[in-house]
There are 2 protein chains.
Amino acid sequence: MSSCDTCVVRNRAICSGLDDAELVALNNIGRRRNVTAGEPLIWEDDDSLLVANVIEGVLKLTTSTEDGREQIVGVAYPSDFIGRPFGQTSSASVVALTDARVCVFSRNDFDRFARDHPELEHKLLERTLAELDRTRSWMMLLGRKNASEKIATFLLEMSDRLADSGCSAAFGPAKRFSLPFSRQQVADLLGLTIETVSRQFTKLKNDGVVELPSRREVEIVNRGALLALAG
Amino acid sequence: MSSCDTCVVRNRAICSGLDDAELVALNNIGRRRNVTAGEPLIWEDDDSLLVANVIEGVLKLTTSTEDGREQIVGVAYPSDFIGRPFGQTSSASVVALTDARVCVFSRNDFDRFARDHPELEHKLLERTLAELDRTRSWMMLLGRKNASEKIATFLLEMSDRLADSGCSAAFGPAKRFSLPFSRQQVADLLGLTIETVSRQFTKLKNDGVVELPSRREVEIVNRGALLALAG
DNA sequence: TTGCGTTTTTGATATCGGTCAAGGTGGGGG
DNA sequence: CCCCCACCTTGACCGATATCAAAAACGCAA
C-alpha cells in the first residue's frame, strides 16, 4: 500500500468513520482516475460505470434545463460517494471543480461488493441519509431565503466544510478559506444570477463582515453578523 | 394477520418491491398510529421514536425559519419511510395532510431489526437514494424555474403520484385527481406565495390547460401544454 | 512588462413575484 | 336553512432580483 493510499484511508477513516479494512478492500476493486478542474466525469465509460468515491478534490453535481439554466444539486468532497448504485440512472452530471482524484467502480463490481459487506452498505445508508438531510436544508434555502440570507448561509457552510488542511470538522470552522467555486458556480448553487452574487459579496465586504483578498479567497471577519444574516 | 395487514403488505409489495415476509415481521415490532389531517407526528413520544412507515394517507416534511417561512422538503406516500434511523436527529417536522395510518418504531427496535435483516437495509438504501434523486430534481425547480414552470411541474408530478385507486404508477398518470394540498401548502412546496399559486391556477384554467371542478380537484385537459410549460 | 481573454464588478432598467388589502366562495355546525 | 369562518381569488402596487450593457480587474502567456 503506497503512502498515498495510507493517506486516503486515514483521511476517510477520520472524516467519515468508515472502517479501514473494508475501505482498503474496496479500493482494490476500483480504478483510480485523475480529473482536472472543469472536466466532467463520464459515467458511460465502459458498460456501466456508475459509482465513485472521491479521494481528493471537489466536484459538483448539476442538473440543467434545455435552455441552459443550471442548478448545482450537490457537492462532493473527499470521502464522499457519488453516482447511483444498484441500477437506477442518475439524473445529475458530475464535473470537477478542482483537480481531483477519484476511485471509480463499475456498477456490477460495486453492487457485488456491497452485497458481500453489509457493514459497508450500512455506512453507505447512513451517509445517504445525511446527504438527504443536507439537501433538504438546501431546499429551504432555495425556496424561502432571500439573496443575502443565501450568501450568508453559503459562506458559513463553506467555512464549516473547508479548512486549510484535510479534515476540517475536527478543527472547527475555518476563518479564512479558498472557495472552490467561481462566482457563476456560487450563483448556480444558490439559485441566483452572477450579478446578484457579486453585489452581495461587495455589500458584505463594505459592511465589514468579510474580507475578500482575491476572487477565490474569503476571510470571515464578523461571524456573528453572518449567523444573524443566515437566519 | 388481519385483512388490513394483508392489504398493507400487498400494497407495499406491489408499489415498492419490498419482501412480504420481512415486512410482516417489521410490522410486528412497530405500533400502529392513526393521525388525523393537520396533526403533527410527535417524535419524542417515548425515549426516541424516530422511524415510521406510512400505511395510508399523505404526510408532509417541513422545515421553517424562525420568522415563520415554511418549506415543504418532502412528501410521504403509502409505503414510504419517514424519520431518521441510526441515531442522528432529523431537522424536518412531519404533519399529516390527510387522515393517515402509520407504523411507528422506536429507534432501538428499528435499528436492531435492520441490523438483523441486511436485505431490508438494502431496500431502505435504494429508497433513500431514490428519494435523494427526487429531492435533487426538486432543487432544480426551486432554484431555477419560474412560477408557471413550477406549477406545471407540480401538476404533472401529482398526476404521476396520485390515481383514483392505490398504486398509481402501474396505471399511468392520472388525468383527474384530488390534491392532498391546500393552496398554501402548494405554495410551501414550490417556494411561492399563495397568491401567486392562485393566479397561476387561474391562468391555466383560462388557457384551457386544466379544469378545476373544486378547490381540491384537478383535471388535466391538455397534458402536452403542461409538459411544454414544465420545461 | 505588455496584451488579451476571461471573469468579475458596477450601473441602468425591466419584470416577476411578493405584499397589502378587499372581496368572494364553500362547507360544516348551529 | 343560514351563518360564519377558513380558504381562496382578485386587484393595485412595490421592491428584490433578473436582465442588459459596459467598464474594470485579474491571470496567463508571450
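Quick caveat, the model's predicted, so the values are computed rather than measured. Proteins come first, then strands; the chains are lettered A, B, ... in the order of their sequence lines, and each starts at number 1.
Residue order along DNA chain D, read from the 5' end via each residue's closest nucleotide, puts B:Gln184 first among B:Gln184 and A:Lys145. Between A:Lys205 and B:Asn146, the residue whose closest nucleotide on DNA chain C is further toward the 5' end is A:Lys205.
For the pair A:Phe201 CZ and D:dT17 P, the interatomic distance rounds to 15 Å; values are reported in whole Å. Rounded to whole Å, the distance from CG on B:Asn206 to P on D:dT9 is 12 Å. Atom CD1 of B:Ile151 is separated from atom P of D:dC8 by 13 Å (rounded to the nearest Å). Rounded to a whole Å, the CD atom of B:Gln185 is 14 Å from the C1' atom of D:dC8. When rounded to the nearest whole Å, the span between CZ of A:Arg199 and P of D:dG15 equals 18 Å. Here the P atom of nucleotide D:dA18 and the CG atom of A:Asp188 are 12 Å apart, to the nearest Å. Taking atom CG of residue A:Leu212 and atom P of nucleotide D:dC26, one finds them 11 Å apart after rounding to whole Å.
With rounding to the nearest 0.5 angstrom, the CD atom of A:Gln200 is 7.0 Å from the OG1 atom of A:Thr196. The distance from atom OG1 of B:Thr62 to atom CD of B:Glu70, rounded to the nearest 0.5 Å, is 4.5 Å.
Ion pairing between B:Arg69 and B:Asp188 fails under the 4.0 Å rule for side-chain N and carboxylate O.
Checking side-chain atoms of B:Asn34 against main-chain N and O of B:Arg101 turns up no donor-acceptor pair under 3.5 Å. The main-chain N or O of B:Leu190 is found under 3.5 Å from a side-chain atom of B:Lys150 such that the two form a donor-acceptor pair. Between the side chain of B:Glu149 and the main chain of B:Asn146, a donor-acceptor pair closer than 3.5 Å is present.
When A:Glu219, A:Arg176, A:Glu217 are each tested for a side chain to side chain contact (heavy atoms under 4.5 Å, CB included) with A:Glu211, only one passes: A:Glu219.
If you walk DNA chain C from 5' to 3' and mark each nucleotide with an atom closer than 4.0 Å to a heavy atom of chain A, the marks span C:dT7 to C:dA12.
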What's touching nucleotides 3-7 of chain D from the protein side, N or O pairs under 3.5 Å?
| from | atom 1 | to | atom 2 | distance (Å) |
| --- | --- | --- | --- | --- |
| D:dC7 | O2 | B:Arg215 | NH2 | 3.1 |

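Of the listed nucleotides (D:dT17, D:dT9, D:dT19), D:dT9 has the atom at the smallest distance from the side chain of B:Thr202.
OP1 or OP2 of D:dA18 lies within a sub-4.0 Å distance of a side-chain N or O belonging to A:Thr196.
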Given the rule in the side-chain contact (heavy atoms from CB on, under 4.5 Å) test, do A:Glu131 and B:Leu132 qualify, once you have shown the distances and angles that lead to the verdict? CA-CA 8 Å; A:Glu131 178 64 18; B:Leu132 185 57; 3.9 Å; yes
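Between the side chains of A:Arg223 and A:Ser159, a donor-acceptor pair is found at a separation under 3.5 Å.
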